[in-house]
Every structure is written in C-alpha cells, then in structure tokens.
Amino acid sequence: MRNSIVEKKLIEELLPICKYIQAKYRTGRYISVCWKSGNQNHDAEIIQSGAYIDQGYYHQQAFLEITSAVHPKDYLSRELLNKQGFAFSADGLKRQKDGSIKSEPIVHTNYEYIERFSEILLARIKDKASKRYPDHTTLIVCCCLDMLCTSEEWEYLRRCIEKSQQSHQFEEIYIYETTHEFSFSLWGSSSSNNFEYRTETIANNNEYPQP
C-alpha cells in the first residue's frame, strides 16, 4: 500500500533508476548514480565514463527524472488486492458509498486498452515536458499497465507514442513496463539516437558494440 515514504521512494524512484542503469550500462559506458531526495529539479545525477563518453556519444555528467504512468484508479486496485487478494482491471473498479470497492470485469476489444493507456502515458510526458530540467536530463517513465501486455501490444503502444510526436526537452525518454520489462526510448533532436539504436540492437544479438 506504500504507507510510508520509504516504500513510495523505493517503488516510484529507486527501482526505475535501477532498471535504467541495468539497461544502459555496458562495455564502454560505465555509469555511477547518486539518487537525491528533495525538491531539486531532478531525481538523480549520473557520472559516465568509458570509450563512448571519450568519443562524445554520451555526456560525462547527466541527470535523471523519474515518473510513473498508471491508471487513475490504480490506488483502488492496490487497496482491493491488499484486502481480498484479487481485483479485476482498474476500469471496472468503483468506490461505494459505504467505502467498499466494487470490482467488475471489463471487456476490451483489440488494442483498445493500449490506446487508452497511451493517453495516460502521453499525459505524464506532457506534464514533465512543461517543467525545466538541467541539460542532458533523461526522463524515465515506469508504466504500470493494469493488464498483461504482449510484445505485439507493447509494440503498438510504442507506435502510438511515436506517432503523437510529443515535443519535449529531454535528451532521452526511457519508457518501460514492470511485468515483462519491455522498453523503448524517445529521443531529443540533438541526441545520438542512431548510435544508441545500433548498440542496443547489437547487444540484443549477444554481440559487443565497438566504440
């Protein structure tokens, strides 16, 4: 239920930072991270070293900002799971006058629920993009879908987000989901997205990228 600041910070900030570091740390790109708890305009600072940094592909000092994209009724789902151990999707949840939570099954057709979630995700990106951050800041978005997501559905979500052409100031927007750990990135106009795409593709083929 995230009743204290400890659980909240762990789930909403520290674990997404760990996921990002695990995904991006590689031979030639070594990353040290310092998480910051406070009201500053970023959640963590990273120091990078290695051949990729020496050759200018990445900046030595950069920053991380973390946010979550969740269904507006996610808190009801967590409460019901805590009380009775199960709940239908968040779309079918409703708080009753007596304080109890009514849970009804909901039927989705095709990619309907992915399209709805894409609106939630874009709203989080838009909100963060409206604020000021240090140069070389990466936005990490943790997606908590309230249903299981297949690789095809995740690919459809990626296309929806890219098609929106949401403007932003970030060097990278790293988007991932928590169940299967699917992920993709959106890039700023000045970032080295072609290089990053190449290295990630090579890494997925179990080969080591060359600086």
Side-chain angles (χ1 to χ4, degrees), residues 2-26 28-72 74-75 117-145 157-158 161-162 164-178 181-197 199-200 203:
R2 307 177 193 178
N3 292 322
S4 76
I5 192 65
V6 175
E7 291 100 336
K8 186 175 179 64
K9 291 292 185 180
L10 175 64
I11 294 173
E12 297 181 5
E13 294 186 14
L14 293 175
L15 291 181
I17 290 173
C18 291
K19 172 60 181 175
Y20 177 81
I21 300 300
Q22 289 174 337
K24 300 299 180 177
Y25 193 102
R26 57 169 57 92
R29 187 185 180 186
Y30 308 108
I31 306 173
S32 298
V33 59
C34 178
W35 171 68
K36 297 185 177 181
S37 177
N39 296 321
Q40 69 284 333
N41 60 350
H42 58 279
D43 293 315
E45 178 182 352
I46 60 175
I47 301 297
Q48 305 181 102
S49 61
Y52 292 154
I53 287 74
D54 295 340
Q55 296 182 31
Y57 289 114
Y58 304 102
H59 300 280
Q60 182 181 23
Q61 181 185 40
F63 302 90
L64 304 176
E65 174 69 9
I66 297 90
T67 191
S68 298
V70 299
H71 193 284
D74 176 71
Y75 71 101
F117 189 81
S118 70
E119 296 175 357
I120 296 173
L121 177 52
L122 285 170
R124 294 305 304 141
I125 294 174
K126 183 178 180 180
D127 177 67
K128 289 295 183 178
S130 67
K131 303 173 183 178
R132 294 185 62 85
Y133 297 96
D135 292 339
H136 318 311
T137 295
T138 290
L139 176 64
I140 303 171
V141 187
C142 173
C143 296
C144 302
L145 286 82
L157 176 65
R158 182 188 66 80
I161 301 304
E162 290 182 345
S164 72
Q165 296 184 334
Q166 173 70 55
S167 61
H168 63 86
Q169 61 181 297
F170 300 104
E171 190 158 285
E172 176 188 2
I173 300 179
Y174 178 73
I175 301 168
Y176 80 98
E177 64 89 36
T178 56
E181 297 190 341
F182 298 132
S183 66
F184 64 90
S185 290
L186 304 177
W187 302 94
S189 58
S190 61
S191 58
S192 55
N193 57 317
N194 290 334
F195 172 78
E196 182 72 17
Y197 177 79
T199 57
E200 288 191 347

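In terms of modelled atom types and a separation under 3.5 Å, the side chain of E172 and the main chain of T138 share no donor-acceptor contact. Within the 3.5 Å criterion, the main-chain N or O of I31 finds no donor-acceptor partner in the side chain of Q48.
Inter-residue side-chain proximity for Y57 and R29 is flagged as unmet; no heavy-atom pair is nearer than 4.5 Å. Residues C142 and Y176 form a side-chain contact, since some pair of their non-hydrogen atoms from C-beta on lies under 4.5 Å apart. The shortest side-chain heavy-atom distance between I120 and V70 does not fall under the 4.5 Å cut-off. A heavy-atom distance below 4.5 Å is found between the side chains of I161 and F184.
When the side-chain contact (heavy atoms from CB on, under 4.5 Å) test is applied to K126, the partners found at least two apart in sequence or on another chain are Q166. With sequence neighbours left out, the side chain to side chain donor-acceptor pair (under 3.5 Å) criterion links Q60 to no other residue. Annotation: salt bridge (charged side-chain N to carboxylate O under 4.0 Å, His left out) contacts of E12 (sequence neighbours excluded): R2, K8. The salt bridge (charged side-chain N to carboxylate O under 4.0 Å, His left out) search around D135 returns none, not counting sequence neighbours. Remark: E13 pairs with K9, W35 by the side chain to side chain donor-acceptor pair (under 3.5 Å) rule, at least two apart or across chains. Residues satisfying the side chain to side chain donor-acceptor pair (under 3.5 Å) criterion with T67, sequence neighbours excluded, are R124. With sequence neighbours excluded, no residue forms a salt bridge (charged side-chain N to carboxylate O under 4.0 Å, His left out) with E7. F117 meets the ring pair (Phe, Tyr, Trp, His ring centres under 6.0 Å) test with no other residue; sequence neighbours excluded. Under the rule for a ring pair (Phe, Tyr, Trp, His ring centres under 6.0 Å), the partners of Y25 that lie at least two apart in sequence or sit in another chain are Y30. With sequence neighbours excluded, no residue satisfies ring pair (Phe, Tyr, Trp, His ring centres under 6.0 Å) with H71. Remark: E181 pairs with K19 by the side chain to side chain donor-acceptor pair (under 3.5 Å) rule, at least two apart or across chains. By the salt bridge (charged side-chain N to carboxylate O under 4.0 Å, His left out) test, R158 is found to be paired with E155, E162, residues two or more places apart in sequence or in another chain being considered.
With F63 as the fixed residue, the side-chain contact (heavy atoms from CB on, under 4.5 Å) test singles out one of E171, Q40, H42: H42.
Contact record, H136 with A62: O-CB, 3.3 Å, taken as the closest heavy-atom pair.
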